[in-house]
Chemist: 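Shown below is the structure under consideration.
Just so it is clear, the model here is predicted, and its values are computed rather than measured. All values below were derived from every heavy atom in this structure, side-chain atoms included, with hydrogens, water molecules and symmetry-related copies excluded.
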Amino acid sequence: MRIDEDGFASFTIPVDDVEAEVGTDVSQIVAEGNFGPSDNWAEFGLTMSGDVATGVLGPLEPGQYYYQITADDHLTVKDPTNDTSVQSEPEWSTFFVDGDGAELLADAPEENRGELQEFTYRSSVAHEERAALAWTPPDYDERRREPYPVLYLQHGGGQSYRDWVEVGRAAQIFDNLYAQGKIQPMVVVMADGNVDDFTAELHRHITKAARRHLNISRDPEQRALAGLSMGGGQTFDVLAERPGDFSHVGTFGAGRFNHLDDLPVRAINAGTDLFRLYVGNPTDIAYNDVHGAMAALDEAGVEYEFDGANPDAGHNWDAWQENLIDFAQRLFQEPPFEGMSPGHLPIDEPFETPPSGTTPTPWVDENGYVTFETTTDFADAEHVTVWANWGPSHLWTRVELSKAGDRWRGTVGPLEPGWYHYRFIVDMESTKDTGNPTSVTSEPTWSQFLVPGESARMVMPVPDGQGGDVQEMTYTSEVADERRTALVWTPPGFDPDRAEPYPVFYLQHGGGQSYTDWTEMGQAKNILDNHFLDGNLEPMVVVMGNGNVGDFTTELLENIAPAAEEQFNVSSEPERRALAGLSMGGGQTMQVLTGRPGEFGYVGTFSAGYSGDPEALDVEAINDGTILLRMYNGNVTDFTYDSVVSTMETFDSVGVDYEFDGFFEGPHGWDTWQYDLIDFAPRLFRS
């Protein structure tokens with residue numbers, strides 16, 4: 001796999017290698033990792049073509065990523081093109097996206113790097129020889145008279161003592177913090193916590209072995225203990241069972257707090273300089289546990305600090321890395337600030353979802369968390385995901401649901417305001433969410449939901465009675481030899497008998513779609529209504545016709561347009577007519593522009609290019625007959641990207657006048673095309 005300078009990850013997975021590894025032919029390959037909302041686990045489908053499975057994902061936010069390759073839902077393999085490794089997860093690979101916000105995770109200059117060393121010890125608790133890792137600062141002096149303060153840093157369930165380094169980038173975090181003077185000189189010990197009695201393991205073996213190998217303090221004032229998830233629960237056990245052994249204690253996303261009914265409160269408060277709790281947002285499985293634990297700690301009188309719920313991350317390494325960065329700066333020195341981390345939130349109440357069986361679904365709360373639940377039809381399924389446009393730049397990624405009785409359920413978020421479309425994938429079969437009453441005519445398995453918010457105002461419905469009307473227009477298609485239907489939007493106050501015909505905008509759909517898609521998926525009515533009410537739109541009629549025909553130019557000029565002129569009082573004058581389309585419809589628009597220049601004064605192409613002969617272009621007729629030619633496209637994940645780049649080069653070379661809106665940060669999908677329409681429509685029939 002490859003990462004480009006803009007943060008796009010390109011996967012090229014040899015199918016033969018995957019099939020050889022799993023021992024069978026496969027029909028589906030995904031890359032699954034921390035690509036989902038809140039940096040949670042999600043599947044990104046790859047396209048199988050010939051002997052490779054490929055896909056481009058991004059742009060990804062700067063940071064650390066970890067993933068595996070999975071075939072046919074259950075057959076996991078390591079990416080053969082990536083030589084990184086994770087000891088506890090042999091199928092995992094990692095990669096790092098450099099950039100703003102991830103500076104503390106980046107490799108420090110060689111001279112600023114501490115040393116990682118491994119040491120072994122015999123565990124009578126686990127009855128085996130074990131290993132641990134230690135980070136020492138660049139100027140570490142094993143003979144220093146004053147022993148170093150020490151942080152014992154524990155991993156989570158199913159992980160190993162190497163995870164904080166191989167996935168969490170702990171070495172880079174400490175290197176950078178130390179180089180910037182933000183932490184005290186200290187040693188960090190990362191040991192194996194996979195044992196039934198961690199308190200005994202820690203005191204009998206880990207701390208003693210660490211002191212044998214390292215120049216570290218045994219003074220509780222100079223010792224800290226922290227852990228993530230399971231390791232956070234173990235850390236709390238140590239605090240409750242051996243209060244005062246560690247002066248600084250941190251729990252990162254801990255979901256287990258034992259002893260809450262019988263805590264040695266006085267000993268904890270007297271022996272602990274810092275006890276700080278961390279957790280992610282409501283998608284963190286520990287969220288409600290931390291809320292409940294804080295209530296119990298408050299009632300008992302335990303002194304602690306809460307970092308606040310991280311709004312951007314769930315139960316994952318992105319959250320735990322931030323936790324470590326904050327916690328390390330509070331050890332053995334004055335803290336960088338008091339209270340919660342900037343942007344973090346209090347937990348005023350537990351996160352609760354509606355009772356099982358409540359319909360319709362999904363449930364969208366006021367903070368953009370969306371909970372899905374299936375019907376009981378899939379009680380015997382083995383793998384159920386929700387596949388939706390919530391990935392990086394609105395790419396489709398799949399989030400796995402969990403079995404809950406005879407249903408499947410899961411929460412995703414927080415999602416940015418806007419419309420989302422999705423389908424269930426049940427054991428590799430696309431399935432409609434029958435609990436959702438929405439439907440998409442051209443995509444029978446799709447459903448939709450809206451996350452409301454100011455940034456999505458242009459695609460949200462206007463108050464009842466304030467918008468325009470959408471009605472059907474039927475016409476005879478001599479090209480398709482059938483009676484056909486179009487949808488027509490008319491503005492508020494539309495007068496069919498107005499002396500001056502209305503300007504008209506013909507808006508076309510893409511391949512595999514139909515005349516219903518611009519209203520059902522593109523939210524065209526909402527966009528046009530909002531623009532009109534805002535005073536941004538010239539009163540016009542918008543016709544959304546059926547473009548599924550071999551000769552679209554003839555269909556438009558001899559069937560659709562004449563029907564609209566007859567039924568809706570619209571103009572036939574070129575300067576009062578506009579044409580735009582997405583994907584296939586954009587290609588058809590380009591054909592009309594180049595084949596019949598001057599028929600439409602305003603032309604827009606959404607994710608479409610020109611593939612004809614440059615010498616065949618009547619440049620003078622195109623320029624003279626076109627008031628506005630404006631082109632739109634998504635980013636490199638939009639498969640028309642290269643075609644549009646080539647089109648602009650062609651137009652530049654022959655002198656075709658056009659405008660280019662720039663590459664929208666979206667794929668070949670409705671988020672991109674909604675934006676295109678929002679930008680294009682107000683430019684029509686105005687100076």
Chemist: Is the closest side-chain heavy-atom distance between Phe680 and Leu628 below 4.5 Å?
Modeler: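 Answer yes - side chains close enough.
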
Chemist: Looking at Gln466, I'd like to know if its CD atom is crowded, meaning that more than 12 non-hydrogen atoms belonging to other residues, nucleotides or ligands lie closer than 6.0 Å.
Modeler: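 Yes, CD of Gln466 has more than 12 neighbouring heavy atoms, counting only those of other groups under 6.0 Å.
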
Chemist: Is it the case that over 12 heavy atoms from other parts of the model lie below 6.0 angstrom from the CD atom of Glu103?
Modeler: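 Yes.
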
Chemist: Between atom CZ of Arg398 and atom CD of Glu32, what is the distance when rounded to the nearest 0.5 Å?
Modeler: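 With rounding to 0.5 Å, CZ (Arg398) is 10.0 Å from CD (Glu32).
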
Chemist: Is the shortest heavy-atom distance from the side chain of Val592 to the side chain of Leu579 under 4.5 Å?
Modeler: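 In contact.
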
Chemist: Test Asp83 against Lys78 for salt bridge (Lys or Arg N to Asp or Glu O under 4.0 Å), laying out the working first.
Modeler: CA-CA 9 Å; Asp83 59 6; Lys78 189 181 183 310; over 6 Å; no

Chemist: When you compare the side chains of Tyr422 and Asp433, does any donor N or O come within less than 3.5 Å of an acceptor on the partner?
Modeler: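 Yes, Asp433 and Tyr422 have a side-chain donor paired with an acceptor closer than 3.5 Å.
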
Chemist: Any donor and acceptor pair, going by atom type alone, linking the side chain of Thr438 with main-chain N or O of Gln448 inside 3.5 Å?
Modeler: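 Present.
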
Chemist: Counting only N and O atoms by type, is there a donor-acceptor contact under 3.5 Å from the side chain of His421 to the main-chain atoms of Met521?
Modeler: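 Here the side-chain-to-backbone pair does not exist.
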
Chemist: Would you give the length of the straight line joining atom CZ of Arg577 to atom OG of Ser571, rounded to the nearest 0.5 angstrom?
Modeler: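 The CZ atom of Arg577 sits 7.5 Å away from the OG atom of Ser571.
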
Chemist: Backbone N or O of Gly585 within a donor-acceptor pair of the Thr589 side chain at under 3.5 Å?
Modeler: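 Present.
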
Chemist: May I ask you to check whether Thr70 and Glu43 show a side-chain donor-acceptor distance below 3.5 Å?
Modeler: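 No, Glu43 and Thr70 have no side-chain donor paired with an acceptor closer than 3.5 Å.
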
Chemist: Could you pull out the closest heavy-atom pair between Thr445 and Ser430, with the gap in Å?
Modeler: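 Residues Thr445 and Ser430, closest heavy atoms: CG2-O, 3.9 Å.
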
Chemist: Can you tell me which residue pairs pass the side-chain hydrogen bond (donor to acceptor under 3.5 Å, both in side chains) test with a partner in residues 658-674, sequence neighbours excluded?
Modeler: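 Matches after skipping sequence neighbours: Asn389-Asp671, His394-Asp671, Ser583-His668, Ser607-Trp673, Arg630-Glu659, Arg630-Asp661, Asn635-Glu665, Asp638-His668, Asp652-Tyr658, Asp661-Tyr675.
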
Chemist: Let me know which of Phe494, Phe532, Phe505 forms a side-chain contact (heavy atoms from CB on, under 4.5 Å) with Met540.
Modeler: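 For Met540, the side-chain contact (heavy atoms from CB on, under 4.5 Å) check succeeds only for Phe505.
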
Chemist: Mind checking whether Trp390 and Phe449 have parallel, tilted or perpendicular rings, split at 30° and 60°?
Modeler: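 Taking Phe449 first and then Trp390, their aromatic rings sit tilted (interplane angle of 30° to 60°).
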
Chemist: Testing the 3.5 Å rule here: is there a donor-acceptor pair between the side chains of Asp73 and Gln28?
Modeler: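 Yes, Gln28 and Asp73 have a side-chain donor paired with an acceptor closer than 3.5 Å.
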
Chemist: Say you draw a straight line from CE of Met458 to CG of Asn536; how long is it, rounded to the nearest 0.5 Å?
Modeler: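 The CG atom of Asn536 is 6.5 Å from CE of Met458, to the nearest 0.5 Å.
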
Chemist: Should Leu415 and Pro37 count as side-chain neighbours, where that means a heavy-atom distance under 4.5 Å?
Modeler: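 Counting from C-beta outward, Leu415 and Pro37 do come under 4.5 Å.
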
Chemist: Counting neighbours of CG on Asp481 that are heavy atoms of other residues, nucleotides or ligands and sit closer than 6.0 Å, is the number greater than 12?
Modeler: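 Open: at most 12 neighbouring heavy atoms sit under 6.0 Å from CG of Asp481.
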
Chemist: How many angstroms lie between atom CG of Asn82 and atom CD1 of Ile13, to the nearest 0.5 angstrom?
Modeler: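 One gets 8.5 Å once the value is rounded to the nearest 0.5 Å.
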
Chemist: Relative to each other, are the rings of Phe35 and Tyr67 parallel, tilted or perpendicular (30° and 60° limits)?
Modeler: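 Aromatic pair Phe35/Tyr67 classed tilted.
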
Chemist: Determine whether Ile3 and Val97 make a side-chain contact, defined as any pair of heavy atoms from C-beta on separated by less than 4.5 Å.
Modeler: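 Yes. Closest side-chain heavy atoms under 4.5 Å.
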
Chemist: Got a sec, which pairs hit side-chain hydrogen bond (donor to acceptor under 3.5 Å, both in side chains) with one end in residues 498-514, sequence neighbours left out?
Modeler: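 Counting only pairs at least two positions apart or across chains, the side-chain hydrogen bond (donor to acceptor under 3.5 Å, both in side chains) contacts touching residues 498-514 are Glu500-Arg576.
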
Chemist: Rounded to the nearest 0.5 Å, what's the gap from CZ on Phe660 to OG1 on Thr605? Could you check?
Modeler: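 It comes to 9.0 Å.
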
Chemist: Could you tell me if Ser10 and Asp4 have a donor-acceptor pair between their side chains, going purely by distance under 3.5 Å?
Modeler: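 Absent: no donor and acceptor within the cut-off.
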
Chemist: For Tyr515 and Met544, which heavy atoms make the closest approach, and how far apart are they?
Modeler: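 The pair with the smallest heavy-atom distance is CB-O, 3.4 Å.
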
Chemist: Taking it one step at a time, do Asp517 and Ser442 satisfy side chain to side chain donor-acceptor pair (under 3.5 Å)?
Modeler: CA-CA 7 Å; Asp517 278 79; Ser442 64; 2.8 Å; yes

Chemist: Please determine if Arg484 forms a cation-pi arrangement with Tyr475, meaning its NZ or CZ atom is less than 6.0 Å from the six-membered ring centre and no more than 45° off the ring axis.
Modeler: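 Negative - Arg484 is either too far from the ring of Tyr475 or too far off its axis.
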
Chemist: Side chains of Ser38 and Asn40: is there a donor and an acceptor less than 3.5 Å apart?
Modeler: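 There is no such pair (donor and acceptor under 3.5 Å, judged by atom type) between the side chains of Ser38 and Asn40.
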
Chemist: Do you see a donor-acceptor pair shorter than 3.5 Å between the side chains of Thr490 and Asp469?
Modeler: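 Distance-only check fails for Thr490 and Asp469.
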
Chemist: Identify the heavy atoms of Gly655 and Val619 that sit nearest to each other, and give their distance.
Modeler: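 Minimum heavy-atom separation between Gly655 and Val619: O-CG1, 3.6 Å.
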
Chemist: Between the side chains of Asn34 and Asp318, is a donor N or O closer than 3.5 angstrom to an acceptor N or O?
Modeler: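 Side-chain D/A pair, Asn34 to Asp318: present.
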
Chemist: So for atom CD, which belongs to Glu416, do other residues, nucleotides or ligands contribute more than 12 heavy atoms lying within a distance under 6.0 Å?
Modeler: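 Count not over threshold, so no.
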
Chemist: Do the non-hydrogen side-chain atoms of Ser93 and Thr84 ever get within less than 4.5 Å of each other?
Modeler: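 Heavy-atom side-chain distance check passes, below 4.5 Å.
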
Chemist: Which word best sums up how the rings of Phe11 and Phe44 line up, parallel for under 30°, tilted for 30 to 60°, or perpendicular for over 60°?
Modeler: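 It falls in the tilted class, 30° to 60°.
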
Chemist: Do the non-hydrogen side-chain atoms of Pro614 and Val654 ever get within less than 4.5 Å of each other?
Modeler: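 With C-beta onward as the side chain, the pair touches.
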
Chemist: Would you call Phe651 and Leu617 a side-chain contact if the rule is heavy atoms closer than 4.5 Å?
Modeler: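 Side chain of Phe651 against side chain of Leu617, heavy atoms only: contact under 4.5 Å found.
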
Chemist: Decide if atom CD of Glu5 counts as having more than 12 heavy atoms of other residues, nucleotides or ligands within a radius under 6.0 Å.
Modeler: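 Open: at most 12 neighbouring heavy atoms sit under 6.0 Å from CD of Glu5.
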
Chemist: Show the numbers, then the answer: is there a ring pair (Phe, Tyr, Trp, His ring centres under 6.0 Å) between Tyr602 and Phe685?
Modeler: CA-CA 8 Å; Tyr602 297 83; Phe685 317 119; 5.1 Å; yes

Chemist: Report yes if some heavy atom in the side chain of Leu487 is under 4.5 Å from a heavy atom in the side chain of Lys525; otherwise report no.
Modeler: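 Sidechains of Lys525 and Leu487: no contact.
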
Chemist: In terms of heavy-atom contacts, does CD of Glu21 have more than 12 from other residues, nucleotides or ligands at under 6.0 Å?
Modeler: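 Open: at most 12 neighbouring heavy atoms sit under 6.0 Å from CD of Glu21.
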
Chemist: May I have the step-by-step check of ring pair (Phe, Tyr, Trp, His ring centres under 6.0 Å) for Tyr65 and Phe96, ending in yes or no?
Modeler: CA-CA 6 Å; Tyr65 292 85; Phe96 180 68; 8.7 Å; no

Chemist: I'd like to know if Lys432 and Glu443 make a salt bridge, using a cut-off of under 4.0 Å between side-chain N and carboxylate O.
Modeler: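 Salt bridge flag = no for Glu443 with Lys432.
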
